[in-house]
Amino acid sequence: MRASQFHISTSKETPADAEVVSHQLMLRAGLIRRLASGLYSWMPMGLRVIRKIEAIVREEMDRAGGVELIMPAVHPAELWQESGRWQKYGPELLRLTDRHDREYCVGPTHEEVITDIARRELRSYRQMPVNFYQIQTKFRDEIRPRFGVMRSREFIMKDAYSFHLSEESLLQTFDDMHNAYCAVFDRVGLEYRPVEADSGSIGGAKSREFHVIADSGEDALAYSTGDDFAANVEKAEAISTATRQTPTAKMESVDTPKVHTIDQLTEALKVDVTKTIKTLLVKGAEAPVVALIIRGDHQLNEIKAEHIDAVLAPLTFADAKDIQAAANCDAGSLGPVGLTIPVIADGDAAAMSDFVCGANENGKHLQGVNWARDLPEPIVADLRNVVDGDPSPTGTGEIKIVRGIEVGHIFQLGTTYSESMKAAIPDENGEMQNMHMGCYGIGITRTAAAAIEQNNDDKGIIWPDAIAPFTAVISPIHMAKSETVKAAAEALYKTMKDAGVDVLFDDRPLRPGVMFADMELIGIPHRFVVSEKHIANNQLEYKGRRESEAEIIDIGDALGKLG
RNA sequence: CGGGGUAUGGCGCAGCCUGGUAGCGCACCUGCUUUGGGAGCAGGGGGUCGUAGGUUCGAAUCCUGCUGCCCCGACCA
């Protein structure tokens, strides 16, 4: 491609509203343009990246036995009503009405449509297992789109859905997909980690997320230093190793005016934060409210809390009125002593002795509190987020926390959708069986953003070769003034094109500094500079995007630099 | 949804407090000079100042409504 025939649109200035580096660089390099909140156009330079990621995904899906199809972006409401998600999905589902007053939604995911296809198309167990996939635009009406294409409303996703007669077959495909995803992210050239995850609203038994490791990631991941355990913090089990000590203090009330937070409490009473507990009231499944108890320095894990039977799902915090009714005080003075509602304590909180908590009376706290002696034993459950240094749930090593960007997610759905949508098939004995299902997603556009988060410097993007918009650029110095340079650059361009290299010929009549700055910002991995200086020796200058110094090579050796 | 901020040429911003001919940098166009790391000089084009109303002789500026965009938002016992 000749740069003069392409569209290159770079900017020196960083747009004011871009927060994260990938968003800033994508805008500056002219890869994307914003149309409205959470809606982006992919400009020619950016689209090349997307197409390369798609090609890798497609190859690996095909290799793993996937078959590609494409489904409509707009879905009739009836299908979603049948699965029950028309109600459950909430405001993230963009709903539309057509001229006949029929209701539709813009698909945020395609379980319903593919299940409808499966129940119509699959008539014999001999047709299974089968794994359909598509690469297509999705729409989710996010509350707060941000970080450019990292969390946009419209985005491109590869979604695959597999159908099986048996669970064993599903497990086999789930493993195959796990391996295919590893192959995809290996080829794209990212540092990533598969982690155990909660399956969330899609439902089903087991799921695994693929995260690109980056400090700007929205998810916290826990991994073990001792083995290959890795899980989303939402899912990672917290192991309590503490054992309760014998009480030494007697319970007494202390005045704590204006103390509403744990920080204020530790300051006022000069007590270590690990001797305090916090009490959170949430709506219960049966009781109106339930008390959740965690140590002062720990954080509630909402996902874990929501999975407890006594807790109402989705997790809802008690409001001021509920708190008054249950404890006769404000939220800042809550404690478990004397409560008549169910009290569920995290393992570490249940192992505490002589602790400090709210007195259920504004302006007062209790100290020297002990379970069993001053209040009943709580129900014990895992309620908190794991933290750095926790023992690994596998028993070897300790937990470390890193941040990640979720670029892939694979689920074992089981028979959730085949039951609600009646997708059954006769087995070898002619008996109808609900199909077992798996689903597997890769965020194509998000993968591009994640790659930039992980690969950039003060000059711009540094694309991994596999997904760079162009693998190499030829930058001639003052070609307009030198027939020699022009001839050599044209010849090199032809050689590279003939060799199948995805090369950009920067034939724009620009000063060298401008050309270099543009190509570094865009992040082309390999640069070949053709100039009068070296052409006489049949040489040119090569520089890798990550290298600080250029080297002089023979023109004939240029192709060798591209591996 | 709640809180905060913001809206002036393609991009980044000043002007607003204290009402009186809309300005700067980048980008763009023309010419000359320059030419290996985002050139210099000269000239030029482009803006209903988000929108609707109000106050006023006069509104980008003051007031009110609406809209867009950005940031923050259980973490609290």
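Hydrogens, waters and symmetry mates play no part in the numbers below; they use all other heavy atoms, side chains included. Residue numbering restarts at 1 for every chain, and letters A, B, ... go by the order of the sequence lines.
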Measure from the side-chain N and O atoms of A:Asp390 to the backbone N and O of A:Val386, and report whether any donor-acceptor pair falls under 3.5 Å. no
Inset, instruction - Output yes when at least one side-chain N/O atom of A:Arg511 is less than 4.0 Å from OP1 or OP2 of B:U35, else no. - result: no
- Task: Could you tell me whether A:Val529 contacts a base, only the sugar-phosphate backbone, or nothing, with contacts defined as non-hydrogen atoms closer than 4.0 Å?
- Result: base
Exercise. Expressed as a whole number of Å, how far does the P atom of B:G5 sit from that of B:A14?
Worked result: 16 Å
Return the orientation label for the A:Phe505 and A:Tyr493 ring planes: parallel under 30°, perpendicular over 60°, tilted otherwise. tilted
Measuring only the P atom in each nucleotide, how far is B:C11 from B:C17? A whole number of Å is fine.
26 Å
Here the distance between atom P of B:C76 and atom CG of A:Asn385, to the nearest Å, is 13 Å
Exercise for the section: Kindly say if A:Arg384 contacts the phosphate of B:C75, meaning a side-chain N or O under 4.0 Å from OP1 or OP2. Expected result: no
Base, sugar-phosphate or nothing for A:Ser333? Non-hydrogen atoms, less than 4.0 Å. sugar-phosphate
Of the listed B:C75, B:C76, B:C70, the closest approach to the A:Leu280 side chain comes from B:C76
Of the listed B:C1, B:G38, B:G37, the closest approach to the A:Val514 side chain comes from B:G38
Rounding to the closest angstrom, what is the interatomic distance between B:G12 and B:G3 at atom P? 27 Å
Side-chain atoms of A:Arg34 come closest, of B:C75, B:G25, B:C69, to B:C69
So does A:Lys364 pair up with A:Asp255, basic N to acidic O under 4.0 Å? yes
Among B:C13, B:C75, B:C69, the one nearest any side-chain atom of A:Ala16 is B:C13
Can you check the distance between B:U18 and B:C1, where both ends of the measurement are the P atom (answer in whole Å)? 34 Å
Separation of B:C69 atom P from A:Arg153 atom CZ, nearest Å, is 7 Å
Check your understanding: At under 4.0 Å between heavy atoms, what does A:Glu19 touch on the DNA or RNA strands: base, sugar-phosphate, or nothing?
Key -> sugar-phosphate
Pairing partner of B:G12, by Watson-Crick or G-U wobble and under 3.5 Å for both distances, is B:C24
- prompt: Would you say B:C71 has OP1 or OP2 under 4.0 Å from some side-chain N or O of A:Arg144?
  reply: yes
In whole angstroms, the gap separating P of B:C72 from CD1 of A:Ile143 amounts to 13 Å
Here the distance between atom C1' of B:U35 and atom NE2 of A:His478, to the nearest Å, is 4 Å
Taking a pair to mean Watson-Crick or G-U wobble geometry with both distances below 3.5 Å, B:A42 pairs with B:U30
Closest of B:C13, B:G38, B:C71 to the A:Thr10 side chain is B:G38
>> Please give the distance between the C1' atoms of B:C29 and B:G45 as a whole number of Å.
In response: 7 Å
note: A:Lys12, atom NZ; B:G37, atom P; distance rounded to Å ~ 14 Å
_Counting the atoms with a prime plus P, OP1 and OP2 as sugar-phosphate, which does A:Ile277 contact under 4.0 Å by heavy atoms, base, sugar-phosphate, or nothing?_
sugar-phosphate
inquiry  = Salt bridge or not between A:Arg2 and A:Asp506? Use side-chain N to carboxylate O under 4.0 Å.
reply    = no
Side-chain contact check for A:Arg146: nearest option of B:C72, B:G37, B:C76 is B:C72
A:Arg151 CZ to B:C71 P, in whole Å, measures 13 Å
As its Watson-Crick or G-U partner within any shown strand, both distances under 3.5 Å, B:G73 has B:C1
Using Watson-Crick geometry (N1-N3 plus N6-O4 or O6-N4) or G-U wobble (N1-O2, O6-N3), each under 3.5 Å, B:A59 is paired with none
Rounded to whole Å, CD1 of A:Ile323 lies from P of B:C76 at a distance of 14 Å
| Hey, does the side chain of A:Arg446 reach the backbone of A:Met150 with a donor-acceptor pair shorter than 3.5 angstrom? | yes
Describe the nucleic acid contact of A:Asp518 in one word from base, sugar-phosphate, nothing, applying a heavy-atom distance below 4.0 Å. base
Walking RNA chain B from its 5' end, the first of A:Glu13 and A:Leu281 to be reached, judged by nearest nucleotide, is A:Glu13
B:G37 -> Watson-Crick or G-U wobble partner, both distances under 3.5 Å, gives none
The nucleotide from B:G38, B:C75, B:C69 with an atom nearest the side chain of A:Ser37 is B:C69
The answer to which of A:Asn301 and A:Lys533 contacts RNA chain B further toward the 5' end, by nearest nucleotide, is A:Lys533
### Query
Aromatic rings A:Tyr89 and A:Trp80: how do their planes relate, parallel, tilted or perpendicular, breaks at 30° and 60°?
perpendicular
*At under 4.0 Å between heavy atoms, what does A:Arg508 touch on the DNA or RNA strands: base, sugar-phosphate, or nothing?*
nothing
So A:Phe355 and A:Trp371, would you call those rings parallel, tilted or perpendicular, with 30° and 60° as cut-offs?
tilted
- Query: Does a side-chain N or O from A:Ser11 land closer than 4.0 Å to OP1 or OP2 of B:C26, or not?
  - Reply: no
Regarding A:His365 and A:Ser333, do their side chains bring together a donor and an acceptor under 3.5 Å, going by distance alone? no
Legend entry - Side-chain donor or acceptor of A:Lys304 paired with backbone N/O of A:Arg384 under 3.5 Å: yes
| request: Considering only atom C1', compute the distance from B:G4 to B:C26 and round it to an integer number of Å. | output: 30 Å
Rounded to whole Å, CD1 of A:Ile8 lies from C1' of B:G38 at a distance of 14 Å
Side-chain atoms of A:Glu520 come closest, of B:G37, B:C75, B:G38, to B:G37
| Taking the same atom, C1', in B:C32 and in B:C24, what whole-Å distance lies between them? | 25 Å
Handout entry: P spacing across the pair B:U21 / B:A27, given as an integer number of angstrom
Key = 30 Å
